[in-house]
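Convention: sequence-line order gives letters A, B, ...; per-chain numbering from 1.
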Protein chains: 2
Amino acid sequence: MAPMDTITNDLRDDILSGQFAPGDRLLEIQLAEQYDCGRAAVRSALVALTTEGLVEREENRGASVRRISITEAIQITEARSVLESLIAAQAAKHALPDDHAELRDIIEQMRSTVANDEGKAYSELNRLLHRRLREMSGHDIAAELVANLRNRAAHHQYRLAVMPGRSADSLDQHAAIVDAVVSGDEAAAADAMTAHLESVIEVLQRWGDANVR
Amino acid sequence: MAPMDTITNDLRDDILSGQFAPGDRLLEIQLAEQYDCGRAAVRSALVALTTEGLVEREENRGASVRRISITEAIQITEARSVLESLIAAQAAKHALPDDHAELRDIIEQMRSTVANDEGKAYSELNRLLHRRLREMSGHDIAAELVANLRNRAAHHQYRLAVMPGRSADSLDQHAAIVDAVVSGDEAAAADAMTAHLESVIEVLQRWGDANVR
DNA sequence: GTCTACAAGATTGTTAACATTTGGTCGTCG
DNA sequence: CGACGACCAAATGTTAACAATCTTGTAGAC
């Protein structure tokens, strides 16, 4: 009834949206019922999500939502940093005038959400901006890798979003990225993106130091 | 009889070693027989390798070894470039004296194979060097991504290895990387790695221009 | 009271049969 | 001679039952 890819996407979304929390067990029968499909389809989805790094499977012991430690989240963000910088550079190279307008518009909307303290909306615009930059870059490989890395650290990203005063800093950094992309300056775009993610890493690091022991 | 992970690894190896060429169909029954297991295990392996980017699957039409175009191979190498530079920097930061000795030893062996024109052996040392750098870096995330990217472009890498005069250039570049890592200079290590992979990209680009129309 | 042995339940792993889809072949008709 | 359509074979997709494995709870011995 439901093709395998659909299950994979649905389950991925449900994990990312927090309906299944890190550590939660993923029982095949239960999922089969929930998504109205056979166990085989669920198994395939679990295998796929395991190689994506979102799910952990142990022989004869079943699957569970993978827990991501802080140190791992930092490494993920470091990898994202270099890849997104590549993307930003390529976006600066390939973006068209229409794209420029769209990027500027996103920044304006972000500015508005920050002024009104709408954390949720800001977070969505954040995702949108990064996604559009990936698409504009034309670099399918880097785009795919970054999308995956983002998913893996989604939980930690979430905590970041609700940190007080973080949106303001973040907004400036995003504006700088867009400025560089719009002006077609590849190196500046890459640098701005690196600076942005360095700042994210710093926050993660501080949070880790404060909470781990 | 054979656990799923084993099949996945075996099939991956057989694809990378060229026993299954790009475009070759991967029939479930045939593979089940070849690896002495059920179709279910084969299916799981195919799903896993599909999300790894090595296999292509089409609904109701079966799986085949994914073909990688030159432009895709270039993008793969570009992504590898930034990730391996990150790895080189981390390796420079974390490598211990024993590691330094090992790296220098690998370079010496490489020098010997180049002098004796042993392309095959050089290629293996090449892989070994990159792998050890990944391990020394301690950056599991970047290491995993690079390993995957290397697999995806394995076929094009192969063509590179047999190019005349390429080993000599490559050797100098690798020596530069090791020098930087051994001296603990993170930035220099990253730059040397970038230079190395830029050179690989250039070769791919020239080959592409010469062969695609 | 704690530890071990064992049995019951739950869950994954495997197999086999069945259903569906695809692609091609052959034959007929225009 | 070419085009259309019905069949047929091959392969994938799906389902259900069975086997193997792990976990949990319990009873008994020390």
Side-chain angles (χ1 to χ4, degrees), chain A residues 1-68 151-152, chain B residues 1-68 151-152:
Chain A
M1 186 135 277
M4 189 263 280
D5 275 354
T6 310
I7 309 291
T8 307
N9 290 330
D10 288 354
L11 181 53
R12 187 192 296 109
D13 288 348
D14 286 346
I15 290 174
L16 295 181
S17 76
Q19 296 212 224
F20 295 103
D24 278 2
R25 292 199 63 186
L26 299 170
L27 303 184
E28 294 182 0
I29 317 175
Q30 172 192 314
L31 295 177
E33 194 167 324
Q34 177 168 344
Y35 297 112
D36 185 41
C37 63
R39 265 181 62 204
V42 171
R43 277 177 85 79
S44 294
L46 290 176
V47 169
L49 294 178
T50 299
T51 75
E52 280 185 30
L54 265 66
V55 167
E56 210 168 16
R57 269 170 39 112
E58 230 171 330
E59 191 98 353
N60 286 317
R61 286 209 210 160
S64 54
V65 179
R66 185 137 193 268
R67 284 180 212 270
I68 302 295
N151 285 347
R152 291 205 215 184
Chain B
M1 187 131 283
M4 189 263 279
D5 275 355
T6 311
I7 309 291
T8 307
N9 290 330
D10 289 352
L11 180 53
R12 187 192 296 109
D13 288 346
D14 287 345
I15 289 174
L16 294 181
S17 76
Q19 296 213 222
F20 295 102
D24 279 2
R25 292 198 63 186
L26 299 169
L27 304 183
E28 294 182 359
I29 317 176
Q30 172 192 313
L31 296 176
E33 195 166 321
Q34 178 167 344
Y35 297 111
D36 185 42
C37 63
R39 266 181 60 204
V42 172
R43 279 178 81 80
S44 294
L46 290 175
V47 169
L49 294 178
T50 299
T51 76
E52 279 185 30
L54 265 65
V55 167
E56 210 168 16
R57 271 171 39 117
E58 230 171 330
E59 191 97 353
N60 287 317
R61 286 214 211 154
S64 55
V65 179
R66 183 134 194 267
R67 283 180 210 271
I68 302 294
N151 285 348
R152 292 205 215 185

Side chain to side chain contact (heavy atoms under 4.5 Å, CB included) against [X], all qualifying residues, sequence neighbours excluded:
{"X": "A:Glu33", "result": "none"}
{"X": "B:Leu31", "result": "B:Leu11, B:Phe20, B:Leu26, B:Gln34, B:Tyr35, B:Val42, B:Leu46"}
{"X": "B:Glu59", "result": "A:Pro3"}

Inter- and intrachain pairs under salt bridge (charged side-chain N to carboxylate O under 4.0 Å, His left out), touching residues 42-58 of chain B, at least two apart:
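Found B:Arg12-B:Glu52, B:Glu28-B:Arg43, B:Glu58-B:Arg61.
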
Angle of first-five versus last-five pair axes in the helix from C:dG1-D:dC30 to C:dG30-D:dC1, to 10 degrees
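The value is 10°.
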
Results of side chain to side chain donor-acceptor pair (under 3.5 Å) for [X] - residues two or more places apart only:
{"X": "A:Thr8", "value": "none"}
{"X": "B:Thr50", "value": "none"}
{"X": "B:Asp13", "value": "none"}

Taking atom [atom2] of [N] as reference, at what distance in whole Å does atom [atom1] of [X] sit?
{"X": "B:Arg57", "N": "C:dT22", "atom1": "CZ", "atom2": "P", "answer": "15 Å"}
{"X": "B:Leu46", "N": "D:dA11", "atom1": "CG", "atom2": "C1'", "answer": "13 Å"}
{"X": "B:Met4", "N": "C:dG13", "atom1": "CE", "atom2": "C1'", "answer": "11 Å"}

Grab the N/O contacts between the protein and nucleotides 6-12 of chain C below 3.5 Å, and write none if there aren't any.
residue: C:dT12; atom: OP1; partner: A:Glu28; partner atom: N; Å: 3.4
residue: C:dT12; atom: OP2; partner: A:Glu28; partner atom: N; Å: 3.4

Rounded to the nearest 0.5 Å, what separates atom CG in A:Leu49 from atom CD1 in A:Ile7?
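Reported value, rounded in 0.5 Å steps: 11.0 Å.
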
